[in-house]
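Below you'll find the structure, written out as structure tokens, and then a few comments.
Source: prediction; values computed, not measured. In this chain, numbering begins with 1 at the start of the sequence shown.
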Amino acid sequence: MKTSDLDYVLPEDRIARYPSEKRDASKLLVFDRKTKAITHSVFRNLADFIDGSFDFFRNDAAVLKGRIFAKKDTGARVECLLLKPEDGNEIWSCMLKPGKRLKKGSKFGIDGEFEAEVLEKSDDGCALVKFGKMSAANVLELSEKIGVVPLPPYIGRDQNSPEYDRSFDNSRYQTVYANPDKRVAAAAPTAGLHFTKELQQLLEKNGNRFFNLTLHVGIGTFKPLTEDIVENHKIHSEIYEISEPTERAMRDPSRRKIAVGTTSLRAMEDFLRKFPHSDTPSGYLGEASLFVYPPQTIVSADALITNFHLPRSTLMCLVGAFLSPGKNDGVEILKKIYAEAVEKKYNFYSYGDAMLIL
């Protein structure tokens with residue numbers, strides 16, 4: 001498949017800069033794969049389309065407040081994006097801006113909060129940074145105190161501005177079921193942002209069930225395809241965790257499965273392709289480097305809740321494969337759905353509206 005096949009026209013005003021006033025007030029586009037019918041609704045009406053035989057699988061990873069603004073000794077600004085710990089509580093893999101000026105041995109920090117030193121630089125733009133003299137017990141707690149959630153650049157907010165409302169995005173760019181003990185995501189599992197506790201209770205009352213898994217969402221999730229041919233793209237890898245109860249539910253043939261978001265679907269698909277039979281140990285911690293694109297067939301889920309994704313993204317490939325299993329026309333179907341969503345004034349990307357694929 002050509003990467004250019006993943007292009008589509010999106011007016012600038014359809015990119016969501018803010019979420020809907022209430023989480024479940026976002027629009028919901030429902031696509032039936034059997035009939036090809038599209039229904040337009042609101043997310044709070046999700047129960048109207050889901051009977052009581054579904055198990056929901058969702059990513060409970062919490063977004064790390066990993067964007068930290070600091071300064072060098074010279075007063076020059078530094079932006080540090082925490083990615084993952086590498087050695088205990090002090091050494092982290094980070095993205096730094098301006099990357100070229102922050103060479104090995106460079107130091108930066110915030111008076112009274114922390115000091116940091118660049119230990120190593122790598123070809124992929126990442127840096128190994130050692131933190132010290134912290135005002136918190138460790139880097140995670142420091143980020144909770146002074147950091148902000150790393151919003152995607154298309155949202156267009158100056159997160160370093162004195163007027164920036166840190167508390168708003170720190171709350172709304174986080175699912176209501178995010179596990180505070182699992183602050184491992186560099187970006188939100190955005191399909192879950194539409195859920196409220198009240199909606200979950202309604203779905204459970206109707207007989208549906210919810211199960212958590214954890215995929216450590218990395219920034220590579222949103223990295224655009226750079227190869228001309230989709231199949232030549234080398235996809236990133238992400239750590240994920242599946243508990244024994246979640247695994248049992250994934251293997252239960254009496255229940256239909258619905259993946260809440262592409263991150264959940266990627267973990268489920270990777271696990272069941274690796275372990276198609278129930279001979280795995282209780283609980284699983286592994287790494288997904290699975291790249292799903294048409295004409296592959298999804299084996300782990302019967303339905304999918306997802307947002308509307310960026311052009312030339314691996315996420316479009318995954319959703320395309322889900323839309324038309326075993327066929328090559330999934331991306332074209334997806335682009336037609338997107339065209340109707342644009343016409344109906346749906347909002348796109350992380351803070352945008354949702355789609356349910358049945």
Side-chain angles (χ1 to χ4, degrees), residues 61-153 159-160 181-188 214-227 232-241 263 266-267 270 285-291 313-314:
V63 183
L64 178 65
K65 297 177 179 65
R67 179 166 283 153
I68 296 174
F69 298 99
K71 290 184 179 181
K72 294 175 66 175
D73 292 340
T74 60
R77 290 185 176 184
V78 173
E79 180 183 322
C80 176
L81 177 61
L82 302 173
L83 298 179
K84 60 180 179 178
E86 297 290 352
D87 185 8
N89 294 327
E90 295 183 345
I91 299 177
W92 278 65
S93 177
C94 305
M95 295 288 289
L96 299 175
K97 290 182 180 181
K100 292 182 179 179
R101 295 182 184 178
L102 289 162
K103 302 183 183 300
K104 181 178 179 179
S106 297
K107 296 181 179 181
F108 61 92
I110 299 175
D111 289 342
E113 297 291 354
F114 76 95
E115 294 180 0
E117 180 181 356
V118 180
L119 300 181
E120 294 179 15
K121 297 288 291 291
S122 59
D123 294 337
D124 63 0
C126 291
L128 209 58
V129 176
K130 182 176 182 179
F131 290 81
K133 296 185 178 180
M134 289 180 282
S135 64
N138 52 53
V139 176
L140 270 179
E141 297 308 315
L142 179 71
S143 69
E144 284 293 308
K145 180 182 178 184
I146 66 173
V148 295
V149 291
L151 294 178
Q159 293 186 281
N160 196 27
D181 294 328
K182 295 183 177 181
R183 289 172 282 177
V184 294
T214 307
L215 183 129
H216 300 213
V217 186
I219 57 174
T221 296
F222 305 102
K223 183 179 179 182
L225 293 153
T226 54
E227 301 284 348
N232 292 341
H233 175 72
K234 181 174 175 56
I235 200 166
H236 61 289
S237 61
E238 292 170 317
I239 297 169
Y240 67 94
E241 309 165 46
T263 64
R266 189 180 194 218
D270 185 84
L285 174 64
E287 197 164 337
S289 55
L290 178 66
F291 185 15
S313 63
T314 60

side-chain contact (heavy atoms from CB on, under 4.5 Å) evaluation trace for Lys71 with Asp111:
CA-CA 9 Å; Lys71 290 184 179 181; Asp111 289 342; over 6 Å; no
Walk me through whether Ser93 and Lys84 qualify under side chain to side chain donor-acceptor pair (under 3.5 Å).
CA-CA 5 Å; Ser93 177; Lys84 60 180 179 178; over 6 Å; no
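For Glu120 and Lys104, the salt-bridge test fails: no basic side-chain N is under 4.0 Å from an acidic carboxylate O. One finds no salt bridge joining Glu117 and Lys130 here, because no Lys/Arg side-chain nitrogen approaches an Asp/Glu carboxylate oxygen to under 4.0 Å. One finds a salt bridge joining Arg183 and Glu144 here, because a Lys/Arg side-chain nitrogen approaches an Asp/Glu carboxylate oxygen to under 4.0 Å.
Here Leu225 contributes atom CG and His233 contributes atom NE2; the two are 5.0 Å apart, rounded to the nearest 0.5 Å. If you take CG on Leu128 and OG on Ser122, they are separated by 8.5 Å, rounding to the nearest 0.5 Å. Residue Glu113 holds its CD atom at 9.5 Å from CD1 of Ile68, rounded to the nearest 0.5 Å. Distance CG/Leu83 to SG/Cys126: 5.0 Å, rounded to 0.5 Å. The CD atom of Glu141 sits 10.0 Å away from the NZ atom of Lys65 when rounded to the nearest 0.5 Å. Separating the NZ atom in Lys145 from the CG atom in Leu140 is a distance of 15.0 Å, to the nearest 0.5 Å.
By the 4.5 Å heavy-atom criterion applied to side chains, Val184 and Leu64 are not counted as neighbours. Val139 places a side-chain heavy atom less than 4.5 Å from the side chain of Met134. Cys94 has its side chain out of reach of Leu81: every pair of non-hydrogen atoms, C-beta onward, lies at least 4.5 Å apart. Annotation: side chain of Val148 is in contact with side chain of Phe69 (closest heavy-atom distance under 4.5 Å).
When every heavy atom of Pro150 is checked against every heavy atom of Gly66, the shortest pair comes out as CD-N, 4.2 Å. Nearest heavy atom pair, residue Ile235 against residue Leu290, reads CD1-O, 3.8 Å.
The aromatic rings of Phe114 and Phe131 lie tilted to each other, with the angle between the two planes from 30° to 60°.
Summarising the local packing, NZ of Lys107 is surrounded by 12 or fewer heavy atoms from other residues, nucleotides or ligands at distances under 6.0 Å. For Asn232, the CG atom is densely surrounded, since the number of other residues' heavy atoms within 6.0 Å is greater than 12.
Ring centroid separation for the pair Tyr240 and His216 does not come in under the 6.0 Å cut-off.
The backbone N or O of Glu79 lies less than 3.5 Å from no partner atom in the side chain of Arg67, so there is not a single donor-acceptor pair.
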